[in-house]
Amino acid sequence: MHELVERMRKKDIRALARAITMVENDHPEKLPLLSDVFSLGKHAIYVGLTGSPGAGKSSLVNQLITHTRKEGMTVAVIAVDPTSPFSGGALLGDRIRMNQHFTDDGVFIRSMATRGSLGGLSRATKDAIRICDAYGFDVIIVETVGVGQSELDIMKVVDTTAVVLTPNSGDVLQIFKAGIMEIANLFVINKADLQGVEKLKALLRELVMMSATEEHIIPIVKTITTEKKGIDELWEKIKEHHDYLYRTRSGERRRREQLELEVYELIREEIWRDVIAFLKEKDDLPLIEASSDPYRLAIKLLAEWKKEGGNS
Ligand SMILES: Nc1nc2c(ncn2[C@@H]2O[C@H](COP(=O)(O)OP(=O)(O)OP(=O)(O)O)[C@@H](O)[C@H]2O)c(=O)[nH]1
Ligand SMILES: [Mg+2]
(Lines give C-alpha, C1' and ligand atoms only; values in the text may rest on other atoms or scores of the structure.)
(Ligands and ions follow the chains in the order given, each with its own letter.)
Protein backbone atom coordinates (compact mmCIF):
# COMPACT_ATOMS: atom_id res chain seq x y z
CA MET A 1 0.00 0.00 0.00
CA HIS A 2 1.16 3.49 -0.82
CA GLU A 3 2.23 5.38 2.30
CA LEU A 4 -0.41 8.09 1.77
CA VAL A 5 -3.14 5.48 1.47
CA GLU A 6 -1.99 3.87 4.73
CA ARG A 7 -2.16 7.23 6.44
CA MET A 8 -5.58 7.97 4.97
CA ARG A 9 -6.88 4.72 6.36
CA LYS A 10 -5.85 6.04 9.76
CA LYS A 11 -7.92 9.15 9.12
CA ASP A 12 -4.96 11.44 8.52
CA ILE A 13 -6.66 14.38 6.83
CA ARG A 14 -3.35 15.85 5.66
CA ALA A 15 -2.60 12.66 3.75
CA LEU A 16 -5.98 13.04 2.04
CA ALA A 17 -5.24 16.62 1.01
CA ARG A 18 -1.77 15.61 -0.18
CA ALA A 19 -3.11 12.74 -2.28
CA ILE A 20 -5.59 15.05 -4.00
CA THR A 21 -2.81 17.54 -4.74
CA MET A 22 -0.82 14.70 -6.28
CA VAL A 23 -3.54 13.91 -8.79
CA GLU A 24 -4.08 17.59 -9.47
CA ASN A 25 -0.43 18.02 -10.33
CA ASP A 26 -0.19 14.79 -12.26
CA HIS A 27 2.51 13.43 -9.97
CA PRO A 28 4.48 10.45 -11.40
CA GLU A 29 3.29 8.26 -8.50
CA LYS A 30 -0.30 9.01 -9.37
CA LEU A 31 -1.28 5.74 -11.03
CA PRO A 32 0.10 3.34 -8.39
CA LEU A 33 -1.45 5.51 -5.67
CA LEU A 34 -4.82 5.44 -7.40
CA SER A 35 -4.61 1.74 -8.02
CA ASP A 36 -4.14 1.23 -4.26
CA VAL A 37 -7.01 3.59 -3.61
CA PHE A 38 -9.23 1.68 -6.01
CA SER A 39 -8.29 -1.68 -4.50
CA LEU A 40 -9.99 -0.62 -1.28
CA GLY A 41 -13.30 -0.74 -3.12
CA LYS A 42 -16.18 1.64 -3.53
CA HIS A 43 -18.21 2.33 -0.44
CA ALA A 44 -19.53 5.86 -0.67
CA ILE A 45 -22.50 7.29 -2.51
CA TYR A 46 -21.27 9.67 -5.23
CA VAL A 47 -23.60 12.56 -5.93
CA GLY A 48 -23.11 15.24 -8.58
CA LEU A 49 -24.80 18.63 -8.63
CA THR A 50 -24.56 20.67 -11.78
CA GLY A 51 -26.39 23.64 -13.24
CA SER A 52 -26.09 27.26 -14.25
CA PRO A 53 -24.13 29.77 -12.18
CA GLY A 54 -26.18 30.95 -9.24
CA ALA A 55 -28.81 28.21 -9.50
CA GLY A 56 -28.29 27.42 -5.83
CA LYS A 57 -25.99 24.41 -6.06
CA SER A 58 -23.82 25.37 -3.09
CA SER A 59 -26.89 26.18 -1.02
CA LEU A 60 -28.24 22.72 -1.84
CA VAL A 61 -24.91 21.09 -0.99
CA ASN A 62 -24.94 22.92 2.31
CA GLN A 63 -28.42 21.60 3.12
CA LEU A 64 -27.51 18.10 1.99
CA ILE A 65 -24.52 18.15 4.32
CA THR A 66 -26.76 19.09 7.23
CA HIS A 67 -29.28 16.41 6.27
CA THR A 68 -26.81 13.56 5.84
CA ARG A 69 -24.82 14.56 8.95
CA LYS A 70 -28.06 14.25 10.93
CA GLU A 71 -28.38 10.72 9.59
CA GLY A 72 -24.90 10.05 10.95
CA MET A 73 -23.02 10.03 7.65
CA THR A 74 -19.74 11.75 6.89
CA VAL A 75 -19.49 13.92 3.78
CA ALA A 76 -16.80 15.09 1.40
CA VAL A 77 -17.55 17.95 -0.98
CA ILE A 78 -15.54 18.67 -4.10
CA ALA A 79 -16.28 22.02 -5.68
CA VAL A 80 -14.99 22.19 -9.23
CA ASP A 81 -14.03 25.59 -10.50
CA PRO A 82 -12.92 25.39 -14.11
CA THR A 83 -12.83 29.14 -14.60
CA SER A 84 -10.12 30.06 -12.17
CA PRO A 85 -6.61 28.62 -11.92
CA PHE A 86 -6.33 29.98 -8.38
CA SER A 87 -9.68 28.90 -6.89
CA GLY A 88 -10.92 32.44 -6.71
CA GLY A 89 -14.39 33.90 -6.56
CA ALA A 90 -16.65 30.91 -6.81
CA LEU A 91 -14.92 29.15 -3.95
CA LEU A 92 -15.34 32.16 -1.76
CA GLY A 93 -19.08 31.90 -2.30
CA ASP A 94 -18.96 28.21 -1.45
CA ARG A 95 -16.95 28.90 1.68
CA ILE A 96 -19.52 31.37 2.86
CA ARG A 97 -22.43 29.09 2.13
CA MET A 98 -20.88 26.02 3.70
CA ASN A 99 -18.82 27.61 6.46
CA GLN A 100 -20.99 26.32 9.27
CA HIS A 101 -19.54 22.90 8.46
CA PHE A 102 -15.90 23.89 8.47
CA THR A 103 -15.27 22.90 12.06
CA ASP A 104 -17.00 19.54 11.65
CA ASP A 105 -14.57 16.59 11.42
CA GLY A 106 -17.17 14.61 9.52
CA VAL A 107 -17.12 17.11 6.67
CA PHE A 108 -14.33 17.75 4.17
CA ILE A 109 -14.58 20.51 1.59
CA ARG A 110 -12.10 20.90 -1.20
CA SER A 111 -12.09 22.89 -4.39
CA MET A 112 -10.41 21.78 -7.57
CA ALA A 113 -9.12 24.19 -10.15
CA THR A 114 -7.39 23.72 -13.47
CA ARG A 115 -3.71 22.97 -13.07
CA GLY A 116 -1.23 21.40 -15.40
CA SER A 117 -2.81 17.98 -15.18
CA LEU A 118 -2.62 16.18 -18.50
CA GLY A 119 -5.96 14.51 -18.11
CA GLY A 120 -7.42 17.87 -17.22
CA LEU A 121 -9.72 18.90 -14.47
CA SER A 122 -12.24 16.18 -15.04
CA ARG A 123 -9.67 13.40 -14.65
CA ALA A 124 -8.27 14.94 -11.46
CA THR A 125 -11.76 15.35 -10.03
CA LYS A 126 -12.70 11.74 -10.70
CA ASP A 127 -9.52 10.63 -8.96
CA ALA A 128 -10.21 12.95 -6.03
CA ILE A 129 -13.66 11.40 -5.60
CA ARG A 130 -12.13 7.93 -5.23
CA ILE A 131 -9.48 9.23 -2.86
CA CYS A 132 -12.21 10.67 -0.63
CA ASP A 133 -13.93 7.29 -0.78
CA ALA A 134 -10.75 5.51 0.30
CA TYR A 135 -10.46 7.86 3.26
CA GLY A 136 -13.84 6.60 4.37
CA PHE A 137 -16.44 9.29 3.71
CA ASP A 138 -19.97 7.94 3.34
CA VAL A 139 -21.18 10.51 0.86
CA ILE A 140 -19.19 12.41 -1.75
CA ILE A 141 -20.80 15.42 -3.39
CA VAL A 142 -19.33 17.11 -6.44
CA GLU A 143 -20.49 20.57 -7.43
CA THR A 144 -19.72 21.78 -10.94
CA VAL A 145 -20.75 25.05 -12.56
CA GLY A 146 -22.32 24.91 -15.94
CA VAL A 147 -22.54 22.00 -18.27
CA GLY A 148 -19.51 22.03 -20.53
CA GLN A 149 -17.76 18.90 -21.73
CA SER A 150 -15.49 18.66 -18.72
CA GLU A 151 -18.46 18.79 -16.30
CA LEU A 152 -20.30 16.19 -18.31
CA ASP A 153 -17.22 14.01 -18.09
CA ILE A 154 -16.96 14.34 -14.33
CA MET A 155 -20.57 13.33 -13.92
CA LYS A 156 -19.84 10.04 -15.65
CA VAL A 157 -18.16 8.71 -12.53
CA VAL A 158 -20.76 9.83 -10.04
CA ASP A 159 -23.68 7.57 -9.21
CA THR A 160 -26.39 10.15 -9.31
CA THR A 161 -26.28 13.47 -11.12
CA ALA A 162 -28.78 16.13 -10.18
CA VAL A 163 -29.25 18.95 -12.68
CA VAL A 164 -30.29 22.10 -10.85
CA LEU A 165 -32.61 24.53 -12.61
CA THR A 166 -34.48 27.64 -11.54
CA PRO A 167 -37.82 29.01 -12.72
CA ASN A 168 -37.81 31.61 -15.46
CA SER A 169 -34.06 31.55 -15.91
CA GLY A 170 -34.11 30.06 -19.38
CA ASP A 171 -31.49 27.54 -18.27
CA VAL A 172 -33.81 24.71 -19.22
CA LEU A 173 -32.48 25.33 -22.73
CA GLN A 174 -29.19 23.88 -21.56
CA ILE A 175 -30.82 20.51 -21.15
CA PHE A 176 -31.34 20.31 -24.86
CA LYS A 177 -27.62 20.58 -25.36
CA ALA A 178 -25.99 17.30 -26.29
CA GLY A 179 -25.14 15.14 -23.35
CA ILE A 180 -27.25 16.64 -20.59
CA MET A 181 -30.09 14.16 -20.83
CA GLU A 182 -27.54 11.38 -20.81
CA ILE A 183 -26.12 12.39 -17.46
CA ALA A 184 -29.24 13.71 -15.70
CA ASN A 185 -30.65 11.26 -13.17
CA LEU A 186 -32.64 13.82 -11.28
CA PHE A 187 -33.94 17.32 -11.91
CA VAL A 188 -34.03 19.83 -9.11
CA ILE A 189 -36.19 22.92 -9.47
CA ASN A 190 -34.53 25.16 -6.90
CA LYS A 191 -35.82 28.59 -5.90
CA ALA A 192 -39.29 27.09 -6.05
CA ASP A 193 -40.43 30.14 -4.12
CA LEU A 194 -40.17 32.12 -7.34
CA GLN A 195 -42.75 32.50 -10.10
CA GLY A 196 -42.88 30.05 -12.97
CA VAL A 197 -42.34 26.79 -11.09
CA GLU A 198 -45.32 24.95 -12.55
CA LYS A 199 -44.43 25.98 -16.08
CA LEU A 200 -40.89 24.69 -15.66
CA LYS A 201 -42.13 21.51 -14.08
CA ALA A 202 -44.54 20.83 -16.96
CA LEU A 203 -41.76 21.38 -19.45
CA LEU A 204 -39.41 19.06 -17.57
CA ARG A 205 -42.07 16.42 -17.26
CA GLU A 206 -42.53 16.32 -21.00
CA LEU A 207 -38.81 16.01 -21.47
CA VAL A 208 -38.53 13.27 -18.87
CA MET A 209 -41.35 11.23 -20.40
CA MET A 210 -39.55 11.23 -23.73
CA SER A 211 -36.59 9.43 -22.23
CA ALA A 212 -38.49 7.30 -19.73
CA THR A 213 -37.95 3.56 -19.55
CA GLU A 214 -40.10 1.09 -17.69
CA GLU A 215 -37.64 0.84 -14.85
CA HIS A 216 -36.64 4.40 -14.55
CA ILE A 217 -38.29 7.78 -14.88
CA ILE A 218 -36.12 10.77 -13.99
CA PRO A 219 -37.67 12.36 -10.90
CA ILE A 220 -38.27 16.10 -10.58
CA VAL A 221 -37.83 17.57 -7.11
CA LYS A 222 -38.74 21.08 -5.99
CA THR A 223 -36.55 22.77 -3.39
CA ILE A 224 -36.35 26.10 -1.60
CA THR A 225 -33.02 26.12 0.15
CA THR A 226 -33.66 29.44 1.83
CA GLU A 227 -36.59 27.78 3.66
CA LYS A 228 -34.92 24.35 3.95
CA LYS A 229 -37.72 22.83 1.88
CA GLY A 230 -37.51 19.75 -0.32
CA ILE A 231 -34.17 18.51 0.97
CA ASP A 232 -35.62 15.33 2.52
CA GLU A 233 -37.25 14.44 -0.77
CA LEU A 234 -34.09 15.24 -2.71
CA TRP A 235 -32.07 12.90 -0.52
CA GLU A 236 -34.76 10.19 -0.83
CA LYS A 237 -34.61 10.41 -4.63
CA ILE A 238 -30.81 10.24 -4.57
CA LYS A 239 -30.97 7.07 -2.50
CA GLU A 240 -33.65 5.58 -4.76
CA HIS A 241 -31.49 6.15 -7.80
CA HIS A 242 -28.52 4.63 -6.00
CA ASP A 243 -30.60 1.54 -5.27
CA TYR A 244 -31.60 1.35 -8.93
CA LEU A 245 -27.92 1.38 -9.96
CA TYR A 246 -26.79 -1.24 -7.49
CA ARG A 247 -29.82 -3.52 -7.35
CA THR A 248 -31.00 -3.87 -10.93
CA ARG A 249 -29.65 -5.41 -14.10
CA SER A 250 -29.89 -2.23 -16.16
CA GLY A 251 -28.20 -0.30 -13.36
CA GLU A 252 -25.35 -2.77 -13.44
CA ARG A 253 -25.09 -2.43 -17.20
CA ARG A 254 -24.89 1.32 -16.88
CA ARG A 255 -22.08 1.05 -14.35
CA ARG A 256 -20.18 -1.34 -16.58
CA GLU A 257 -20.46 1.01 -19.57
CA GLN A 258 -19.18 3.89 -17.47
CA LEU A 259 -16.18 1.89 -16.38
CA GLU A 260 -15.41 0.90 -19.94
CA LEU A 261 -15.36 4.54 -21.04
CA GLU A 262 -13.05 5.36 -18.17
CA VAL A 263 -10.56 2.67 -19.14
CA TYR A 264 -10.44 4.07 -22.68
CA GLU A 265 -9.89 7.53 -21.27
CA LEU A 266 -6.99 6.38 -19.10
CA ILE A 267 -5.40 4.61 -22.04
CA ARG A 268 -5.81 7.72 -24.18
CA GLU A 269 -4.16 9.80 -21.48
CA GLU A 270 -1.20 7.41 -21.16
CA ILE A 271 -0.65 7.21 -24.93
CA TRP A 272 -0.79 10.97 -25.19
CA ARG A 273 1.75 11.29 -22.38
CA ASP A 274 3.99 8.92 -24.32
CA VAL A 275 3.62 10.82 -27.59
CA ILE A 276 4.40 14.14 -25.89
CA ALA A 277 7.53 12.68 -24.31
CA PHE A 278 8.59 11.33 -27.70
CA LEU A 279 8.05 14.64 -29.45
CA LYS A 280 9.96 16.50 -26.75
CA GLU A 281 12.96 14.22 -27.15
CA LYS A 282 13.07 14.68 -30.89
CA ASP A 283 15.27 17.62 -31.71
CA ASP A 284 14.80 17.27 -35.44
CA LEU A 285 11.13 18.14 -35.33
CA PRO A 286 10.11 19.13 -38.82
CA LEU A 287 9.75 22.83 -39.06
CA ILE A 288 6.10 23.74 -38.86
CA GLU A 289 5.24 26.60 -41.12
CA ALA A 290 1.99 28.43 -41.51
CA SER A 291 1.46 26.60 -44.75
CA SER A 292 2.33 23.13 -43.39
CA ASP A 293 -0.06 20.32 -44.19
CA PRO A 294 -1.26 19.26 -40.69
CA TYR A 295 -2.43 15.86 -41.90
CA ARG A 296 0.87 14.93 -43.45
CA LEU A 297 2.79 16.14 -40.44
CA ALA A 298 0.59 14.14 -38.09
CA ILE A 299 0.95 11.00 -40.22
CA LYS A 300 4.73 11.41 -40.37
CA LEU A 301 5.17 11.98 -36.62
CA LEU A 302 2.81 9.18 -35.67
CA ALA A 303 4.69 6.80 -37.95
CA GLU A 304 8.00 7.76 -36.33
CA TRP A 305 6.55 7.38 -32.84
CA LYS A 306 5.25 3.90 -33.68
CA LYS A 307 8.52 2.89 -35.32
CA GLU A 308 10.51 3.89 -32.27
CA GLY A 309 8.31 1.66 -30.19
CA GLY A 310 6.26 4.39 -28.58
CA ASN A 311 8.84 4.52 -25.78
CA SER A 312 7.93 1.12 -24.45
N1 LIG B 1 -35.15 32.80 -3.63
C2 LIG B 1 -34.26 31.83 -3.48
N3 LIG B 1 -32.95 32.10 -3.55
C4 LIG B 1 -32.07 31.08 -3.40
C5 LIG B 1 -32.49 29.75 -3.18
N6 LIG B 1 -31.40 28.95 -3.10
C7 LIG B 1 -30.32 29.76 -3.27
N8 LIG B 1 -30.72 31.04 -3.45
C9 LIG B 1 -29.85 32.21 -3.66
O10 LIG B 1 -29.21 32.12 -4.91
C11 LIG B 1 -27.88 32.67 -4.85
C12 LIG B 1 -26.86 31.69 -5.40
O13 LIG B 1 -26.79 30.57 -4.55
P14 LIG B 1 -25.56 29.54 -4.59
O15 LIG B 1 -25.94 28.42 -3.69
O16 LIG B 1 -24.30 30.21 -4.36
O17 LIG B 1 -25.64 29.10 -6.09
P18 LIG B 1 -24.54 28.25 -6.91
O19 LIG B 1 -25.32 27.53 -7.94
O20 LIG B 1 -23.70 27.44 -6.01
O21 LIG B 1 -23.68 29.41 -7.55
P22 LIG B 1 -22.23 29.26 -8.30
O23 LIG B 1 -21.43 28.25 -7.54
O24 LIG B 1 -21.67 30.63 -8.24
O25 LIG B 1 -22.57 28.82 -9.68
C26 LIG B 1 -27.65 33.04 -3.40
O27 LIG B 1 -27.88 34.41 -3.24
C28 LIG B 1 -28.70 32.23 -2.67
O29 LIG B 1 -29.09 32.83 -1.45
C30 LIG B 1 -33.90 29.50 -3.09
O31 LIG B 1 -34.37 28.37 -2.89
N32 LIG B 1 -34.73 30.56 -3.24
MG1 LIG C 1 -21.55 27.30 -5.89
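When a ligand or atom number is given, it counts from 1 through the structure's own listing order. Bear in mind the structure is a predicted one, so any value in this text is a computation, not a measurement.
Of the polar atoms of Val145, none of the N or O atoms is found under 3.5 Å from an N or O of ligand 1, judged by distance alone. Considering backbone and side-chain atoms alike, Ala192 places every N or O at 3.5 Å or more from each N or O of ligand 1. No N or O atom of Thr223 sits closer than 3.5 Å to an N or O atom of ligand 1. An N or O contact shorter than 3.5 Å is missing between Ile224 and ligand 1 by distance.
With a 4.0 Å heavy-atom cut-off, ligand 1 is reached by no atom of Glu227. Neither the backbone nor the side chain of Leu60 comes within 4.0 Å of ligand 1, counting heavy atoms alone. At a heavy-atom distance under 4.0 Å, no atom of Val61 approaches ligand 1.
For Asp293, the CG atom sits in a packed shell: over 12 heavy atoms of surrounding residues, nucleotides or ligands are nearer than 6.0 Å.
Atoms of ligand 1 lying under 4.0 Å from at least one heavy atom of Asp193, given by number and element, are 1 (N), 2 (C), 30 (C), 31 (O), 32 (N). For ligand 1, the atoms lying closer than 4.0 Å to a non-hydrogen atom of Pro53 are 25 (O).
The shortest heavy-atom contact between Leu245 and Arg255 is O-NE, 3.2 Å. Nearest heavy atoms, Trp235 versus Glu71: NE1-OE1, 3.4 Å.
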Show the atom names and distances, to 0.1 Å, of all donor-acceptor pairs under 3.5 Å that link a side chain in residues 218-228 to residues at least two apart or in another chain.
residue, atom, partner, partner atom, Å
Lys222, NZ, Glu198, OE2, 3.2
Thr223, OG1, Asn190, OD1, 2.9
Glu227, OE1, Lys229, NZ, 3.0

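Applying the ring-ring contact (aromatic ring centres under 6.0 Å, His included) rule to Tyr246 yields the partners His242; only residues at least two apart in sequence or on another chain are considered.
In this structure, Glu143 has a heavy atom closer than 4.0 Å to ligand 1.
Note that CD1 of Ile109 is 9.0 Å distant from CG of Asp104, once rounded to the nearest 0.5 Å.
Residue contact annotation: Ser59 places no N/O/S atom under 2.8 Å from the Mg ion (ligand 2).
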**Report entry** Worked check of side chain to side chain donor-acceptor pair (under 3.5 Å) between Asp133 and His43
**Finding:** CA-CA 7 Å; Asp133 195 349; His43 301 283; 5.7 Å; no
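Using cut-offs of 30° and 60° for the angle between ring planes, the Tyr244 and His241 rings count as tilted.
With the Mg ion (ligand 2) as vertex, Glu143 OE2 and Ser58 OG subtend 90°, rounded to 10°.
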